[in-house]
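What follows is a single structure, written as structure tokens, with notes after it.
Protein chains get the first letters and strands the later ones, always in sequence-line order, with residue 1 at the start of each. It should be emphasised that the depicted structure is a prediction, and the values quoted were computed from it without experimental measurement.
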There are 2 protein chains.
Amino acid sequence: MARSALAEKSSLALPHRHPRRTREEHSHETAQDYVEIIAELIASTGEARVIDLARRLGVTHVTVARTIKRLQREGLVTSLPYRSIFLTPSGRKLSEESRSRHTTVVDFLKSLGVPKVVAQSDAEGIEHHVSRETLQAFEKHLRKTKIA
Amino acid sequence: MARSALAEKSSLALPHRHPRRTREEHSHETAQDYVEIIAELIASTGEARVIDLARRLGVTHVTVARTIKRLQREGLVTSLPYRSIFLTPSGRKLSEESRSRHTTVVDFLKSLGVPKVVAQSDAEGIEHHVSRETLQAFEKHLRKTKIA
DNA sequence: ATTAATGTGTAGCATTAGCTACAAAAGTAA
DNA sequence: TTACTTTTGTAGCTAATGCTACACATTAAT
Ligand SMILES: [Mn+2]
Ligand SMILES: [Mn+2]
Ligand SMILES: [Mn+2]
Ligand SMILES: [Mn+2]
């Protein structure tokens with residue numbers, strides 16, 4: 001029996017695992033942000049270019065171009081050299097889900113009295129960690145407070 | 001005048017930047033999770049070993065060892081070869097802040113009716129994206145619903 | 001004291017995501 | 001058409017976080 005068996009025996013607090021599948025989760029978060037912005041750009045300006053994404057995200061065009069390649073590999077977008085970026089059906093689906101969740105989170109935070117700018121900023125991160133159950137709880141709370 | 005100037009002119013939606021300082025943010029999130037778990041391990045079992053962190057986080061001991069080196073470099077922990085891990089004063093401070101925020105987020109979600117297990121799971125991600133203002137809004141809501 | 005099990009370290013590989021620097025393509029203006 | 005500006009691409013660097021494989025140290029059991 002080795003060292004931490006003793007630890008286990010005397011463990012009072014529950015193990016309470018915190019699985020950090022960071023790499024995978026983060027690439028999903030990035031994907032969601034990208035497709036959401038691509039959809040917005042197409043809706044508002046007619047097309048999504050690498051440079052527009054770079055400006056919106058505050059990163060260089062190189063970073064965006066590489067990420068677009070990955071999203072293309074994953075079947076979320078299509079793009080050809082020197083042309084604009086398009087969403088595939090699955091990319092469009094993801095963008096709509098992301099946009100919807102994003103809106104709900106922002107509205108929810110505002111309904112708690114969080115200043116609009118802060119709500120928008122916090123939502124950019126929180127949106128990626130809200131499960132279906134929590135999202136529904138947010139919506140329920142929104143319905144309640146809207147009536148009141 | 002180049003391509004996207006036209007886009008800018010006809011832009012209806014606000015720019016609404018989504019700055020992705022992903023790399024830096026993520027290393028902070030990792031640091032928070034680690035010091036929080038280290039504090040828990042010390043409190044419940046007397047010491048924090050690499051292997052315990054690895055089990056808790058669901059990663060290999062190699063990943064943990066490397067991260068501990070980084071946290072040491074950043075002045076949050078101390079460790080010697082084959083010995084257990086300790087928090088520095090600044091590591092302890094961060095662990096307490098993280099733990100407090102973590103608890104608040106879990107309690108808040110539960111107060112919305114989110115099932116305990118889901119609340120715990122979602123909180124692990126959300127906790128890192130909650131600003132001071134939002135945290136205060138959570139606390140305010142908690143006080144309200146506790147009284148009611 | 002030996003042996004076995006457990007824990008830790010190191011080497012080396014992959015992926016993601018940031019950057020700068022430079023070259024080439026595409027678009028705009030003269 | 002030519003010249004200039006903007007956009008895109010490519011090469012190559014860094015850092016964080018995941019992994020396996022293997023060696024070595026430490027602890028536990030015999
Ligand atoms: Mn986001
Ligand atoms: Mn978003
Ligand atoms: Mn966490
Ligand atoms: Mn936590």
Report yes if at least one side-chain N or O of A/Lys69 is closer than 4.0 Å to OP1 or OP2 of C/dT15; otherwise report no.
no
Side chains of B/Lys116 and B/Gln120: does their closest heavy-atom pair fall under 4.5 Å?
yes
Would a 4.5 Å heavy-atom cut-off, applied to side chains only, mark A/Leu94 and A/Leu87 as touching?
no
Would you say the side-chain atoms of A/Thr104 pair up with the backbone N or O of A/Ser100, donor to acceptor, closer than 3.5 Å?
yes
Are the side chain of A/Ser121 and the backbone N or O of A/Val118 linked by a donor-acceptor pair below 3.5 Å?
no
Quick check, does A/His61 stack with D/dT8? I mean ring centres under 5.5 Å and planes off by under 30°.
yes
Between the protein and nucleotides 14-18 of chain D, are there any N/O to N/O pairs under 3.5 Å, and if so, what are the atom names and distances?
| unit_1 | atom_1 | unit_2 | atom_2 | d |
| --- | --- | --- | --- | --- |
| D/dA15 | N3 | B/Arg23 | NH1 | 3.0 |
| D/dA15 | N3 | B/Arg23 | NH2 | 2.8 |
| D/dA16 | OP1 | B/Arg73 | NH2 | 3.2 |
| D/dA16 | O4' | B/Arg23 | NH2 | 2.6 |
| D/dT17 | OP1 | B/Thr30 | OG1 | 2.7 |
| D/dT17 | OP1 | B/Arg70 | NH2 | 3.3 |
| D/dT17 | OP2 | B/Arg70 | NE | 3.1 |
| D/dT17 | OP2 | B/Arg70 | NH2 | 3.1 |
| D/dT17 | O2 | A/Arg23 | NH1 | 2.8 |
| D/dG18 | OP1 | A/Arg20 | O | 3.0 |
| D/dG18 | OP1 | A/Thr22 | N | 3.3 |
| D/dG18 | OP1 | A/Thr22 | OG1 | 2.8 |
| D/dG18 | N7 | B/Arg66 | NH2 | 3.0 |
| D/dG18 | O6 | B/Arg66 | NH2 | 2.9 |

Roughly how many Å is it from CG in B/Leu80 to C1' in C/dG7, rounded to a whole number?
16 Å
How many Å lie between CD on A/Glu47 and P on C/dA26, as a whole number?
14 Å
A/Leu71 atom CG is separated from C/dA17 atom C1', nearest whole Å, by 12 Å
Can a side chain N or O of B/Arg83 be found less than 4.0 Å away from OP1 or OP2 on D/dT27?
no
Please state how far atom CD in A/Glu25 lies from atom C1' in C/dA17, giving the value in whole angstrom units.
16 Å
May I ask you to verify if any side-chain N or O of A/Arg49 is less than 4.0 angstrom from the OP1 or OP2 atom of D/dG9?
no
Rounded to whole Å, how long is the line connecting atom CG of B/Leu57 with atom C1' of D/dC19?
15 Å
Atom CD1 of A/Ile68 to atom P of D/dT8: distance rounded to whole Å?
11 Å
Who are the ring-ring contact (aromatic ring centres under 6.0 Å, His included) partners of A/His61, not counting sequence neighbours?
none
For atom OH of A/Tyr82 and atom C1' of D/dT5, their distance in whole Å:
15 Å
Note: A/Lys93-A/Glu97 ion pair, threshold 4.0 Å (strictly below):
yes
